[in-house]
**Student:** 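Have a look at this one.
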Amino acid sequence: AGLPALTRSRVDSSLPSAALDARVRELLREGVPLYELDEERLQALAPDVVVTQEACEVCAVSLEQVEASLARAGSRARVVPLRPSRLAHVVDDVERVAEACGIAERGHEVAHELRRRLDRYRSSQNGGPRPRVAMIEWLEPPMLAGHWVLNRRRPLVDRQGAVETRTPWYLVIGSLIGLAAGGSAL
């Protein structure tokens with residue numbers, strides 16, 4: 001809270017969905033980063049630890065961009081890249097970030113409490129069926145939620161671990177119709 005923003009998107013987020021997607025793909029084809037990183041401000045802040053993500057080049061500044069900026073600034077900051085794909089990874093990352101910040105014991109305490117709460121929740125579910133969920137993160141073109149959605153779901157359309165989440169509407173609608181008729185997802 002109260003920390004300055006160091007990143008800015010090169011893509012106008014007010015564009016319609018299809019136009020925004022086209023602009024993102026155009027920049028990626030050209031090899032242009034989707035985000036600008038304020039290197040001057042980063043250098044002035046002189047951080048000891050930088051927490052970033054490496055799960056998605058479209059979601060935020062890339063790990064490579066962060067590392068290159070820190071190198072140009074001559075920074076010795078410790079970089080902690082996060083790439084969770086399961087809920088357990090998120091809890092593990094609490095410990096990783098706390099350790100990097102010099103408060104490992106507090107990180108262990110928080111992670112332990114989170115694991116305890118998750119275990120309590122799991123045991124309360126009595127092994128019953130989990131609901132089918134359609135997690136659509138983009139409408140034009142249709143994209144099912146991908147790698148950032150933690151693996152506690154039963155996917156509507158089985159993408160078999162694929163990160164590319166573009167899914168034709170006929171597959172999404174076909175799955176919904178099959179489920180409504182008592183069948184299974186595609």
Side-chain angles (χ1 to χ4, degrees), residues 1-15 17 19-121 135-138 143-153 161-166:
L3 295 176
L6 298 178
T7 63
R8 186 180 74 74
S9 176
R10 285 189 162 95
V11 179
D12 178 1
S13 63
S14 69
L15 290 172
S17 181
L20 199 150
D21 179 69
R23 180 67 179 139
V24 164
R25 291 183 183 281
E26 176 186 351
L27 289 173
L28 290 174
R29 269 192 311 278
E30 295 171 0
V32 176
L34 298 178
Y35 297 90
E36 295 175 10
L37 181 58
D38 187 338
E39 292 186 11
E40 189 175 298
R41 186 174 276 175
L42 178 62
Q43 186 172 9
L45 289 171
D48 296 314
V49 177
V50 175
V51 179
T52 189
Q53 62 87 39
E54 62 175 340
C56 175
E57 66 182 12
V58 174
C59 304
V61 175
S62 72
L63 173 62
E64 294 78 21
Q65 205 174 345
V66 170
E67 290 175 333
S69 294
L70 291 170
R72 281 190 290 277
S75 173
R76 298 188 128 171
R78 180 172 177 186
V79 179
V80 183
L82 308 179
R83 188 187 175 94
S85 62
R86 299 184 175 280
L87 191 51
H89 299 162
V90 174
V91 178
D92 293 344
D93 284 343
V94 168
E95 292 178 300
R96 289 180 56 229
V97 171
E99 187 276 323
C101 292
I103 54 171
E105 186 57 39
R106 180 67 181 131
H108 293 311
E109 292 169 5
V110 170
H112 176 75
E113 175 60 19
L114 289 170
R115 288 181 185 108
R116 188 185 66 73
R117 289 171 61 191
L118 288 168
D119 287 344
R120 189 173 64 228
Y121 170 76
M135 299 178 112
I136 302 170
E137 67 175 289
W138 205 258
M143 293 185 205
L144 296 182
H147 58 276
W148 63 269
V149 177
L150 304 171
N151 271 350
R152 289 297 297 160
R153 74 203 193 288
V163 172
E164 175 58 55
T165 58
R166 285 174 163 245

**Student:** A side-chain contact here means heavy atoms from C-beta on lying under 4.5 Å apart; do His108 and Glu95 qualify?
**Tutor:** yes

**Student:** Do the charged groups of Glu36 and Arg8 touch, with an N to O distance under 4.0 Å?
**Tutor:** yes

**Student:** What are the two closest heavy atoms between Ala98 and Gly107, and how far apart are they?
**Tutor:** CB-CA, 3.4 Å

**Student:** Hey, does Leu45 have a side-chain heavy atom less than 4.5 Å from the side chain of Pro4?
**Tutor:** yes

**Student:** Do the side chains of Arg115 and Asp119 get close enough for a salt bridge, i.e. N-O under 4.0 angstrom?
**Tutor:** no

**Student:** State the CG-CG distance between Leu87 and Leu114, to the nearest 0.5 angstrom.
**Tutor:** 8.5 Å

**Student:** Rounded to the nearest 0.5 Å, how far does CG of Leu37 lie from CG of Leu70?
**Tutor:** 8.0 Å

**Student:** Under 4.5 Å between any side-chain heavy atoms of Val32 and Arg10, yes or no?
**Tutor:** yes

**Student:** Closer than 3.5 angstrom, by distance alone: can the side chain of Tyr35 be matched with the main-chain N or O of Cys59 as a donor-acceptor pair?
**Tutor:** yes

**Student:** Would you say that Val58 contacts Leu28 through its side chain, given a criterion of any heavy-atom pair below 4.5 Å between the two side chains?
**Tutor:** yes

**Student:** With sequence neighbours left out, write down each residue that passes side chain to side chain contact (heavy atoms under 4.5 Å, CB included) with Ala100, or none if nothing qualifies.
**Tutor:** Val49, Arg78, Val80

**Student:** What closest approach, in Å, do Leu42 and Pro47 show between heavy atoms, and which atom pair accounts for it?
**Tutor:** O-CD, 3.5 Å

**Student:** Would you please test Leu82 and Arg96 for side-chain contact (heavy atoms from CB on, under 4.5 Å) and show each step?
**Tutor:** CA-CA 9 Å; Leu82 308 179; Arg96 289 180 56 229; 3.6 Å; yes

**Student:** Measure from the side-chain N and O atoms of Asp38 to the backbone N and O of Arg41, and report whether any donor-acceptor pair falls under 3.5 Å.
**Tutor:** yes

**Student:** Answer yes or no: does atom CZ of Arg72 have more than 12 heavy-atom neighbours from other residues, nucleotides or ligands under 6.0 Å?
**Tutor:** yes

**Student:** How long is the straight-line distance from OG of Ser9 back to CG of Leu20, given to the nearest 0.5 Å?
**Tutor:** 7.5 Å

**Student:** Any Lys/Arg nitrogen of Glu113 or Arg116 sitting under 4.0 Å from an Asp/Glu carboxylate oxygen of the other?
**Tutor:** yes

**Student:** So which atom in Val50 and which in Ala77 form the shortest heavy-atom distance, rounded to 0.1 Å?
**Tutor:** CG2-CB, 4.0 Å

**Student:** Do the side chains of Glu109 and Arg106 get close enough for a salt bridge, i.e. N-O under 4.0 angstrom?
**Tutor:** yes

**Student:** With a 4.5 Å cut-off on side-chain heavy atoms, are Gln65 and Thr52 touching?
**Tutor:** no

**Student:** Would a 4.5 Å heavy-atom cut-off, applied to side chains only, mark Val61 and Pro33 as touching?
**Tutor:** no

**Student:** Using side-chain heavy atoms (C-beta onward) and a distance below 4.5 Å, is Asp21 in contact with Leu15?
**Tutor:** no

**Student:** More than 12 foreign heavy atoms under 6.0 Å from CD of Glu30: is that the case here?
**Tutor:** yes

